[in-house]
> 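Quick one: this structure, given as structure tokens, is what I'll be asking you about.
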Amino acid sequence: MSCILIAGANRGIGREFVRQFLAAGWAVHATARNDDAGAALTEMGATAHKLDIADDDSIAALAEALASIPFDAVLANAGISGDLTLPPEAIGWEEMLGVFETNTFGVLRLIAAFKPHLLLGEKRLALGMSSLMSSISANDWGTQYCYRASKTALNALWRSLAEEWRPEGITCTLLRPGFVKTDMTRHQGMEVAPSVAGMLGVVERLTLADSGRVIGYDGLDVPW
Amino acid sequence: MSRIVVMGAEGPLGRAVAARYADLGHDVMPLRITTAADIEAAVAALGNLPIDLLVCADDFHALPTPAEAVARHELQQGLMRLAFLPFRVAALLRPRLVAAGGKLVLLTRADAVMTAPDPSGRYLERPFRAAAHQLWRSLAAEWPKDGVACVLIAIDTPHAAELPAAIAGAKNGTLVDAAGQELGW
């Protein structure tokens, strides 16, 4: 049985990933920041853990607690939007840093902490969540400054990670969920289930040749 | 004569750019900022006159680092230096760029684009230059309505002789090299 760690699984896309990976026969370890969400994940059939991806001590403690478990995949799904409406002149350091801490730095720190677990596994998939908003070439209307930049930086991190970890057989790929009904989108867009089903299909077909790509739920690459 | 602000003129690249524009007879004002706390005072010290050109330069070149060895505070420093500081300065100087119908330029590196190989792992530089590219692209989408063009120039050496021509010729929202050739992202 394949085994995955899903970070940021308390709601929306992460929670649906838990449901669909369980249905597909995977063993699922899922994290949330609070105990109530953890209880709900346990009820679904996952092994729940508490994790704050913006806190390195929290990441280190979880990696240590799960040290003996081989993970076929680690999916860093945690993400925040920040205030998408801020104009450039209203964006201060705390706003930008806050978005990057979760969307970019925490994702890299988590994946790096779980590299030993991935090396114990068979599939060796290091996964994160990107967005069409990460695309520079597709950005012709501006707005969402911090969110866009945090995801662009994540793309660049994963490109480097893909090259560094390729010799060890770890596939580093980012996924794009599309515009999905979640709290982040104020429940506009497509339903969560088909988006996650599409991404799960992508994950199941990944090979080392896909390392460094950003692949959408529809199987299409996100342009740089 | 144009009024030109060069952020990062204390480094080799910025210094060369500032000297080049001064040689051409422009009024060049260096802007030195190292932390977020410096920004407001440094920008205020420039006065309130219109600015024709703001050039943001930074020579930083990260050493290769394994992903597991990258510390969070180092990532924070990279974000501050390569993305937040130039972006914040640009935002604060926007009214003066608008007053002159000016141009906003970010000097970057060709090896920071997504398609460039990075076998050595420069996690402390490339992501933040890429983030800055994205921030500039957003500005390029929003500021032309006020008469401000936003461009990126990839230049890997402090030999800045070609730069004024490249800056003058660069179109809003593009990333070009010092010879004016458009690059990918």
Side-chain angles (χ1 to χ4, degrees), chain A residues 54-56 59 87-97 99-101 104-106 108-109 111-116 126 133-167 172 212 214 223-224, chain B residues 35-37 39 64-76 78-80 82-85 87-88 90-95 112-143 150 152 173 175 184-185:
Chain A
D55 179 349
D56 284 348
I59 292 172
E89 51 272 30
I91 296 172
W93 173 239
E94 294 304 322
E95 171 69 19
M96 186 175 286
L97 178 62
V99 175
F100 272 75
E101 287 282 19
T104 316
F105 304 162
L108 178 66
R109 297 289 295 152
I111 284 292
F114 277 84
K115 182 183 178 186
M133 295 298 105
S134 72
S135 171
I136 305 173
S137 60
N139 176 9
D140 56 7
W141 74 97
T143 74
Q144 309 181 36
Y145 283 84
C146 296
Y147 181 74
R148 283 183 187 274
S150 72
K151 293 296 186 180
T152 304
L154 182 65
N155 289 358
L157 283 173
W158 240 245
R159 293 282 291 172
S160 297
L161 199 62
E163 290 193 55
E164 185 190 339
W165 288 7
R166 189 186 307 272
C172 303
V214 181
W224 304 124
Chain B
T35 72
I39 295 179
T65 312
E68 305 93 292
V70 174
R72 191 178 287 257
H73 76 273
E74 294 176 307
L75 294 167
Q76 293 167 348
L79 175 64
M80 168 69 78
L82 295 175
F84 179 74
L85 288 179
F87 176 71
R88 184 66 179 151
L92 291 173
L93 289 178
R94 178 186 181 187
V113 303
M114 294 289 183
T115 50
D118 182 32
S120 55
R122 289 191 290 114
Y123 296 95
L124 299 177
E125 179 182 356
R126 284 166 52 103
F128 307 114
R129 291 202 186 274
H133 297 174
Q134 179 68 282
L135 292 167
W136 242 248
R137 178 80 171 185
S138 290
L139 294 175
E142 297 190 22
W143 286 12
C150 307
L152 301 105
L175 168 61
W185 294 105

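Throughout, protein chains are lettered first and strands after them, A, B, ... in sequence-line order, and every chain is numbered starting at 1.
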> Minimum heavy-atom separation for B:Val70 and A:Arg109, please, with both atom names.
O-NH1, 2.8 Å
> So for A:Ser134, is it side chain, backbone, both, or neither that comes closer than 4.5 Å to the heavy atoms of chain B?
backbone
> Which atoms of A:Leu108 are under 4.5 Å from chain B, going by heavy atoms: the side chain, the backbone, both sets, or neither?
side chain
> Let me know if B:Thr35 has heavy atoms under 4.5 Å from chain A in its side chain, its backbone, both or neither.
neither
> If I compare all heavy atoms of B:Gln134 with all of A:Met133, which pair ends up nearest, and what's the gap?
NE2-O, 3.1 Å
> Is B:Trp136 in contact with chain A via its backbone, its side chain, both, or neither, using a 4.5 Å heavy-atom distance?
neither
> If every non-hydrogen atom of B:Phe84 is compared with every non-hydrogen atom of A:Ile91, which pair is closest and at what distance?
CE1-O, 3.8 Å
> Under a 4.5 Å heavy-atom cutoff, which of B:Thr115, B:Asp118, B:Leu85, B:Val113 has the most pairs with chain A?
B:Asp118
> What are the two closest heavy atoms between A:Thr143 and B:Ser138, and how far apart are they?
O-OG, 4.0 Å
> Kindly indicate whether the side chain of A:Glu164, heavy atoms from C-beta on, has any atom under 4.5 Å from the side chain of B:Pro66.
yes
> Return the CG to NE2 distance between A:Asp56 and B:His73, rounded to the nearest 0.5 Å.
10.5 Å
> Between B:Leu139 and A:Tyr145, is there a side-chain heavy-atom distance shorter than 4.5 Å?
yes
> Given heavy-atom pairs under 4.5 angstrom as the criterion, report whether the side chain, backbone, both or neither of B:Glu68 touches chain A.
both
> Examine whether an atom of A:Arg148 lies under 4.5 Å from a heavy atom of chain B, and if so say whether it belongs to the side chain, the backbone or both; otherwise answer neither.
both
> Evaluate A:Glu101 against B:Arg72 for side chain to side chain contact (heavy atoms under 4.5 Å, CB included), listing each step before the verdict.
CA-CA 8 Å; A:Glu101 287 282 19; B:Arg72 191 178 287 257; 2.6 Å; yes
> Against chain B, work out which of A:Ala113, A:Gly106, A:Pro223, A:Gly212 has the most heavy-atom pairs shorter than 4.5 Å and name it.
A:Gly106
> Among the options A:Thr104, A:Ile111, A:Leu97, pick out the one with the most heavy-atom pairs lying under 4.5 Å from chain B.
A:Leu97
> Under a 4.5 Å cutoff for heavy-atom pairs, which residue among A:Ala153, A:Ala112, A:Cys146 has the most contacts with chain B?
A:Ala153
> Using side-chain heavy atoms (C-beta onward) and a distance below 4.5 Å, is B:Leu79 in contact with A:Trp93?
yes
> So how far is it from A:Leu157 CG to B:Arg126 CZ, rounded to the nearest 0.5 Å?
10.0 Å
> Closest heavy-atom contact between B:Ala67 and A:Leu161?
CB-CD1, 3.4 Å
> By a 4.5 Å heavy-atom criterion (distance strictly below it), what part of B:Arg94 contacts chain A: side chain, backbone, both, or neither?
side chain
> Select one option (side chain, backbone, both, neither) describing which atoms of B:Leu92 are under 4.5 Å from chain A's heavy atoms.
neither
> If I take atom CG from residue B:Leu175 and atom OG from residue A:Ser137, how far apart are they, to the nearest 0.5 angstrom?
12.0 Å
> Taking every non-hydrogen pair under 4.5 Å, which of B:Gly173, B:Ala71, B:Ala141 racks up the most with chain A?
B:Ala141
> Give me the ring orientation class for A:Phe100 and B:Phe128: parallel if the planes are under 30° apart, tilted from 30 to 60°, perpendicular past 60°.
tilted
> Is B:Met114 close to A:Asn155 at the side-chain level, that is, under 4.5 Å between some pair of heavy atoms?
yes
> Looking only at atom types and distance, does a side-chain atom of B:Arg88 sit under 3.5 Å from a main-chain N or O of A:Glu89, one as donor and one as acceptor?
yes
> Report which part of A:Trp165 has an atom under 4.5 Å of a heavy atom belonging to chain B: side chain, backbone, both, or neither.
side chain
> Looking at every heavy atom in both B:Pro127 and A:Ala156, which two are closest together, and how far apart are they?
CA-CB, 3.6 Å
